[in-house]
Protein chains: 2
Amino acid sequence: MAASRSKPAAEEPNRRADIVRAAGRLFHEKGYSATTIRDIAGAVGMRSGSPFYHFKTKQDMLRAVVLEGLTAISTAVAEAAHSGKSPRATFEAMLRAHLGQLLGIEGRDFAATLLHETRHLDPAVLAELVTLKDRYESMWQKALKDLKRAGLIADDSQVARLFLLGALNWTVQWYRPDGSRTIAQIARQLADLVLDKPRGK
Amino acid sequence: MAASRSKPAAEEPNRRADIVRAAGRLFHEKGYSATTIRDIAGAVGMRSGSPFYHFKTKQDMLRAVVLEGLTAISTAVAEAAHSGKSPRATFEAMLRAHLGQLLGIEGRDFAATLLHETRHLDPAVLAELVTLKDRYESMWQKALKDLKRAGLIADDSQVARLFLLGALNWTVQWYRPDGSRTIAQIARQLADLVLDKPRGK
DNA sequence: CCTACCGATCGGTAGG
DNA sequence: CCTACCGATCGGTAGG
C-alpha cells in the first residue's frame with residue numbers, strides 16, 4: 001500500500017538488492033542453514049549486524065530470494081507462452097525461458113534457491129508462495145493441453161507435467177555453463193524427446 | 001579388510017544402524033546443516049555425546065547415509081536390469097526399482113539424502129562416491145542403448161539419460177504415499193511417455 | 001554409553 | 001550502517 005522507502009536516486013546503490021543477490025548466491029552454493037549472516041554481510045562489504053538494517057530476519061532474506069526467483073521465472077515463461085507462435089514453437093520458447101532463468105547467470109541463484117530451499121521457509125511465507133506456484137504450473141498444464149489438441153503429445157495429465165518439470169528442474173544438477181551444450185540446444189532436445197513426431201510427414 | 005567389530009549376536013540391537021536410520025530421516029526432513037547431533041541422539045534415545053562412540057564426526061554419519069542410499073538403489077536397479085525380460089519390460093522394471101528406493105518407506109530417506117545433501121560431503125567422500133555413481137548411470141545408459149536398438153526410442157544420448165533421471169528424481173518433490181498413484185503406475189506412465197509406440201501396430 | 005564441559009559460532013539487538 | 005555485545009546452541013572431547 002504505502003511506499004516503504006523513499007525513491008532512491010539513480011546513482012544511489014541499492015544495498016538491499018545487493019544483499020538479496022549475495023544471499024541468493026550463498027543459499028544456492030551452501031544452502032540456507034549453512035549460510036550465516038556474517039557470510040552475507042561479508043559478501044557485500046558490511047559488518048555482521050548491518051544486514052539487519054535492511055531485513056528483520058534471515059528468514060526474510062530467504063523470502064526475498066525465493067520470491068524474486070518465482071516472479072522472474074513466471075514472467076519469462078508467461079511471455080513465451082503468449083508469443084502467438086505455433087504450439088510447438090511456443091512450447092520450445094517456454095522451455096527456453098524456464099531453462100534461461102534456471103541456468104542463466106542472472107537468475108540461477110534465485111531459481112535454484114526456490115527449488116531447493118523452500119523446506120526452510122516459514123509456513124506463512126510458504127502459503128504466500130503457493131498461489132504464485134499454482135499459477136505458474138497451470139501455465140504448463142495449459143501448454144500441454146494445447147499440444148495434445150494439436151496432436152503433438154498423447155498425455156497431457158498432471159503427472160506428465162510433473163515429469164516434464166522434473167526433467168527441466170534437474171538440469172540444475174548437471175548443466176555447466178562452460179559445457180558443450182547451449183540452453184537453446186537443451187530446450188530443443190527436450191522438445192524432441194517429449195513431442196510425438198506427426199504421423200505421415 | 002579386517003572386521004571392524006565383532007559379530008553382533010542375533011538379539012543384540014544394532015545401535016549404529018539405528019543412528020544411520022535416524023540420521024537419514026532427519027537429513028531428509030531438515031537437511032544436513034539444520035540437523036544437530038542432539039536431534040539424532042534424541043531420536044534414538046541417547047544423550048548428546050553418545051553418537052560419537054559410533055561415529056567420529058557428523059560428516060561420517062552423512063557418509064554412511066549416502067553410501068547406504070547409493071548401494072541400495074544400485075542393487076535394486078541392477079537386479080531389474082538383468083531380469084532377462086524384453087527391453088520394454090526390463091526398462092519398466094528398472095523404473096519401478098529406482099522409484100521404489102526413492103519413494104518407498106525403507107529407502108527413501110537414504111535416497112533423498114543422496115540426491116540433495118551431496119553438496120555437504122567432504123571432497124574425499126565425494127570422490128569415493130563418484131565411481132559408484134558412474135557405474136549406476138552407465139546402467140541407465142546401456143538400457144537406453146538397448147531400447148534404441150529395439151526401435152523403442154529415438155534418442156539414447158547422455159542428455160536423454162539426464163532428462164529421464166531428472167523426471168525420476170523429481171518425483172521426490174511431489175509423490176505422496178497416500179496419494180492416488182502407486183509407484184508401479186508412475187513407472188508405467190513414464191515408460192509410455194518416453195517410449196515411442198512401435199509403428200503400424 | 002553418560003556426565004560434564006569446552007571453544008567457537010550463531011542470529012539478533014541496543015545504542016549510537 | 002558500525003560497535004559491542006547477548007544468550008543460545010553447536011560439534012566434539014575427556015574421563016569414567
S.K.: Given atom CE of M61(A) and atom P of dG11(C), what is their separation to the nearest angstrom?
M.R.: 9 Å
S.K.: Taking salt bridge (charged side-chain N to carboxylate O under 4.0 Å, His left out) as the test, write out the residues that go with D60(B), two or more places apart.
M.R.: none
S.K.: Quick one: do R88(B) and D192(B) make a salt bridge, cutoff under 4.0 Å?
M.R.: yes
S.K.: Can you give me every donor-acceptor pair (side chain of residues 180-188 of chain B, partner residue at least two apart or in another chain, under 3.5 Å) with its distance?
M.R.:
from: T182(B); atom 1: OG1; to: Q185(B); atom 2: N; distance (Å): 3.0
from: Q185(B); atom 1: OE1; to: T182(B); atom 2: N; distance (Å): 3.0
from: R188(B); atom 1: NE; to: E92(B); atom 2: OE2; distance (Å): 3.2

S.K.: Choose from dC1(D), dC1(C), dG12(C) the nucleotide whose nearest atom is closest to any side-chain atom of R15(A).
M.R.: dC1(D)
S.K.: For DNA chain C, please output the secondary structure as dot-bracket, reading 5' to 3'. Pairs are Watson-Crick or G-U wobble, both atom distances under 3.5 Å; mark crossing pairs with [ ], other-strand partners with |, unpaired with a dot.
M.R.: ||||||||||||||||
S.K.: Looking only at side-chain atoms of S50(B), point me to the closest of dG12(C), dG12(D), dC2(C).
M.R.: dC2(C)
S.K.: Enumerate the residue pairs fulfilling side-chain hydrogen bond (donor to acceptor under 3.5 Å, both in side chains) with a member in residues 109-127 of chain B, sequence neighbours excluded, ordered by first and then second residue.
M.R.: E117(A)-R119(B), R119(A)-E117(B), H28(B)-D109(B), S33(B)-H120(B), H116(B)-Q173(B), E117(B)-H120(B)
S.K.: Expressed in angstrom and rounded to an integer, what is the separation of H120(B) atom NE2 from dG11(D) atom P?
M.R.: 12 Å
S.K.: Please identify each residue that fulfils salt bridge (charged side-chain N to carboxylate O under 4.0 Å, His left out) with D155(A), with sequence neighbours left out.
M.R.: none
S.K.: Quick check for you: among dG12(C), dC1(C), dC1(D), whose closest atom lies nearest to any side-chain atom of S48(A)?
M.R.: dG12(C)
S.K.: Who are the salt bridge (charged side-chain N to carboxylate O under 4.0 Å, His left out) partners of K58(B), not counting sequence neighbours?
M.R.: none
S.K.: H54(A) NE2 to dG11(C) C1': how many Å, rounded?
M.R.: 17 Å
S.K.: To the nearest Å, how far apart are Y53(A) OH and dG16(C) C1'?
M.R.: 14 Å
S.K.: Using a 4.0 Å cut-off on heavy atoms, which residues in residues 32-47 of chain A reach DNA chain C? List them by number, or say none.
M.R.: T35(A), T36(A), I37(A), R38(A)
S.K.: Using atom types as modelled, flag every donor-acceptor pair under 3.5 Å from a side chain in residues 131-138 of chain B to any protein atom, sequence neighbours excluded.
M.R.:
from: Y136(B); atom 1: OH; to: H98(B); atom 2: ND1; distance (Å): 2.5
from: Y136(B); atom 1: OH; to: W140(B); atom 2: NE1; distance (Å): 3.1
from: S138(B); atom 1: OG; to: R135(B); atom 2: O; distance (Å): 2.7

S.K.: dG11(C) C1' sits how many Å from K56(A) NZ, rounded?
M.R.: 14 Å
S.K.: Can you measure R16(A) atom CZ to dC1(D) atom C1' for me and round it to whole angstrom units?
M.R.: 16 Å
S.K.: Specify the separation, in whole Å, of atom CG of D18(B) and atom C1' of dC1(C).
M.R.: 14 Å
S.K.: side-chain hydrogen bond (donor to acceptor under 3.5 Å, both in side chains): which pairs involve residues 69-80 of chain A, sequence neighbours left out?
M.R.: none
S.K.: Do Q189(A) and S157(B) have side-chain atoms, one donor and one acceptor, less than 3.5 Å apart?
M.R.: yes
S.K.: What's the CZ-P distance between F55(A) and dT13(C), to the nearest Å?
M.R.: 15 Å
